[in-house]
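Positions are given from 1, in the same order as the sequence printed here. All values derive from a computational prediction rather than experimental measurement.
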Amino acid sequence: YRDAFNFYLPFLRNGLLAGIVFADNSASDVSLLRALANVHDAGARAEILSFDGLDYPPSHGRCYGEFRLIDTVVERSQILQRATEDAAIWKVTGRYVLRNFEAILRTRPPWADLYCHCRNIPMRWIDLYVLSWNARGYEQILKGIYQQLKQDEVGGSAEQAFRRIVDENDGKAKIVKRFRALPRLEGYRGFDNRRYEHMGAKFLLRRIANTLAPWLWV
């Protein structure tokens, strides 16, 4: 979390981000992160929220908790409450660094209500480590969605369930289902704390497919 927060804070200085909200739902000690924000002289542009939000059955899964966390942050964050209706809100999983985040930011269609990265091969899926939306996208699609993402109730994975919900909302909101820039991810996986990065043969294959056959959505 420290490494990722340290990676994103400089985007405040160069103006690519207007604010950062770091949200922790385990009521942990976040003093290290507050000190890091002070080092970057972030002031009110970096908001750190920590609260006990894990009062639900573990069987509901991480996606249930993640989207419930988003709803709580929208309600409590002063930065988000001050945001304009058309402001692009980005959600990035706190353990991860998007090495090409600037390219992903700059290529986001400004009119998109929801900007996400979907895959059709080997299954219909949506990557949840990074999403972007505006106020309309949140109200139309994301608000309260965690109730539909209980891992112990949905068929298949929560990523597949969320993809179905996004597909069902085609036409109700302006949804862009594929990033213009292919995400390059680094960080630590939550379920085993092991190092993870989008490199090697799998990433190379996706990059080649994205260039030569972008309709495949690998």
Side-chain angles (χ1 to χ4, degrees), residues 1-12 17-83 87-98 101 116 126-135 137-139 141-154 157-159 161-162 165 183 185-197:
Y1 292 108
R2 178 201 62 201
D3 292 347
F5 196 44
N6 195 48
F7 173 82
Y8 294 111
L9 281 168
F11 287 97
L12 295 173
L17 291 178
I20 295 177
V21 182
F22 184 97
D24 161 57
N25 65 351
S26 61
S28 298
D29 180 3
V30 292
S31 57
L32 177 64
L33 301 178
R34 297 189 191 281
L36 192 56
N38 290 334
V39 169
H40 285 268
D41 196 26
R45 295 175 298 164
E47 186 177 10
I48 300 174
L49 302 178
S50 183
F51 52 89
D52 183 5
L54 298 176
D55 55 338
Y56 57 87
S59 59
H60 285 357
R62 58 182 175 80
C63 291
Y64 173 93
E66 195 163 319
F67 280 93
R68 195 174 98 156
L69 170 63
I70 289 173
D71 279 4
T72 302
V73 171
V74 170
E75 293 173 0
R76 299 188 183 189
S77 168
Q78 295 182 15
I79 287 177
L80 294 184
Q81 289 174 8
R82 293 195 302 265
I89 310 300
W90 289 87
K91 172 264 173 191
V92 182
T93 298
R95 300 179 305 278
Y96 291 146
V97 165
L98 279 168
F101 190 46
C116 53
I126 184 167
D127 290 330
L128 295 179
Y129 53 81
V130 57
L131 298 167
S132 179
W133 61 82
N134 59 18
Y138 174 73
E139 292 291 335
I141 304 170
L142 301 180
K143 188 175 182 180
I145 199 176
Y146 67 92
Q147 296 284 8
Q148 303 175 58
L149 296 175
K150 296 176 181 177
Q151 189 66 58
D152 48 358
E153 295 181 8
V154 300
S157 70
E159 286 87 352
F162 185 40
I165 293 169
L185 191 69
E186 295 179 12
Y188 295 87
R189 298 184 302 198
F191 65 89
D192 62 5
N193 209 34
R194 294 183 63 182
R195 182 76 179 172
Y196 176 83
E197 54 185 322

**Q** Using every non-hydrogen atom in the two residues, find where Y8 and I20 come nearest and quote the distance to one decimal.
**A** O-CD1, 3.5 Å
**Q** Do V73 and V21 come within less than 4.5 Å of each other through their side chains, counting heavy atoms only?
**A**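 Yes, side chains in contact.
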**Q** Using the ring-ring contact (aromatic ring centres under 6.0 Å, His included) criterion, which residues pair with H60? Sequence neighbours excluded.
**A**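 With sequence neighbours excluded, H60 shows a ring-ring contact (aromatic ring centres under 6.0 Å, His included) to Y64, given in chain and number order.
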**Q** Within the structure provided, determine whether L12 and L9 are in side-chain contact (heavy-atom separation under 4.5 Å).
**A** yes
**Q** If the condition is side chain to side chain contact (heavy atoms under 4.5 Å, CB included), which residues does D52 pass it with, not counting sequence neighbours?
**A**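 In terms of side chain to side chain contact (heavy atoms under 4.5 Å, CB included), with neighbours along the sequence ignored, D52 is linked to A27, L54.
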**Q** Is it true that a side-chain atom of S77 and a backbone atom of L80 form a donor plus acceptor pair closer than 3.5 Å?
**A** yes
**Q** Within 45° of the ring axis of Y56 and under 6.0 Å from its six-membered ring centre, is that where the NZ or CZ of R68 lies?
**A**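 That pair does not qualify as a cation-pi contact.
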**Q** Salt bridge (Lys or Arg N to Asp or Glu O under 4.0 Å): which pairs involve residues 141-152, sequence neighbours left out?
**A** E139-K143
**Q** Find the distance between CG (L131) and CD1 (I70) and round it off to the nearest 0.5 Å.
**A**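 Reported value, rounded in 0.5 Å steps: 6.5 Å.
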**Q** Can you check ring pair (Phe, Tyr, Trp, His ring centres under 6.0 Å) on F162 and F67, steps first, answer last?
**A** CA-CA 11 Å; F162 185 40; F67 280 93; 5.1 Å; yes
**Q** Applying side-chain hydrogen bond (donor to acceptor under 3.5 Å, both in side chains), name anything that partners S28, two or more places apart in sequence or on another chain.
**A**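 By the side-chain hydrogen bond (donor to acceptor under 3.5 Å, both in side chains) rule, S28 matches S26.
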**Q** For the pair Q81 (side chain) and E75 (backbone), establish whether a donor and an acceptor sit closer than 3.5 Å, ignoring hydrogens and angles.
**A** yes
**Q** For the side chain of D127 and the backbone of Y129, is there at least one donor-acceptor N/O pair under 3.5 Å apart?
**A** no
**Q** Output all residues satisfying side chain to side chain contact (heavy atoms under 4.5 Å, CB included) with E159, sequence neighbours left out; order by chain, then residue number.
**A** R62, C63, W125, L128, S157
**Q** Can you tell me how far apart CG (N25) and CG (L69) are? Round to the nearest 0.5 Å.
**A**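 Going from CG on N25 over to CG on L69, the span is 5.0 Å.
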**Q** Among all residues two or more places apart in sequence or in another chain, which pass the side chain to side chain contact (heavy atoms under 4.5 Å, CB included) test with Y1?
**A** F22, R95
**Q** Looking only at heavy atoms, what is the nearest atom pair of A158 and L149, with distance?
**A** O-CD2, 3.8 Å
**Q** Who passes side-chain hydrogen bond (donor to acceptor under 3.5 Å, both in side chains) against R2, sequence neighbours left out?
**A**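 Scan of R2 (side-chain hydrogen bond (donor to acceptor under 3.5 Å, both in side chains), adjacent residues dropped) gives none.
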**Q** Apply side chain to side chain contact (heavy atoms under 4.5 Å, CB included) to V130 and list each qualifying residue two or more places apart in sequence or on a separate chain.
**A**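 Listed in chain order: W90, V92, L98, F179.
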**Q** Among all residues two or more places apart in sequence or in another chain, which pass the salt bridge (charged side-chain N to carboxylate O under 4.0 Å, His left out) test with E66?
**A**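 Checked E66 against salt bridge (charged side-chain N to carboxylate O under 4.0 Å, His left out); matches are K91.
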**Q** Taking side-chain hydrogen bond (donor to acceptor under 3.5 Å, both in side chains) as the test, write out the residues that go with R45, two or more places apart.
**A**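 Per chain and number, R45 pairs via side-chain hydrogen bond (donor to acceptor under 3.5 Å, both in side chains) with no residue.
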**Q** How long is the span from the CD1 atom in I89 to the OH atom in Y138, to the nearest 0.5 Å?
**A** 11.0 Å
**Q** So for atom CD, which belongs to Q78, do other residues, nucleotides or ligands contribute more than 12 heavy atoms lying within a distance under 6.0 Å?
**A**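 Result for CD/Q78: open.
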**Q** Pair up each side-chain donor or acceptor in residues 35-43 with any protein partner under 3.5 Å, not counting sequence neighbours, and list the distances.
**A**
{"unit_1": "N38", "atom_1": "ND2", "unit_2": "R34", "atom_2": "O", "d": "3.4"}
{"unit_1": "H40", "atom_1": "ND1", "unit_2": "R13", "atom_2": "NH1", "d": "3.0"}
{"unit_1": "H40", "atom_1": "NE2", "unit_2": "N6", "atom_2": "OD1", "d": "2.7"}

**Q** Let me confirm one number: the CG-CZ distance from D3 to F5, rounded to the nearest 0.5 Å.
**A** 12.5 Å
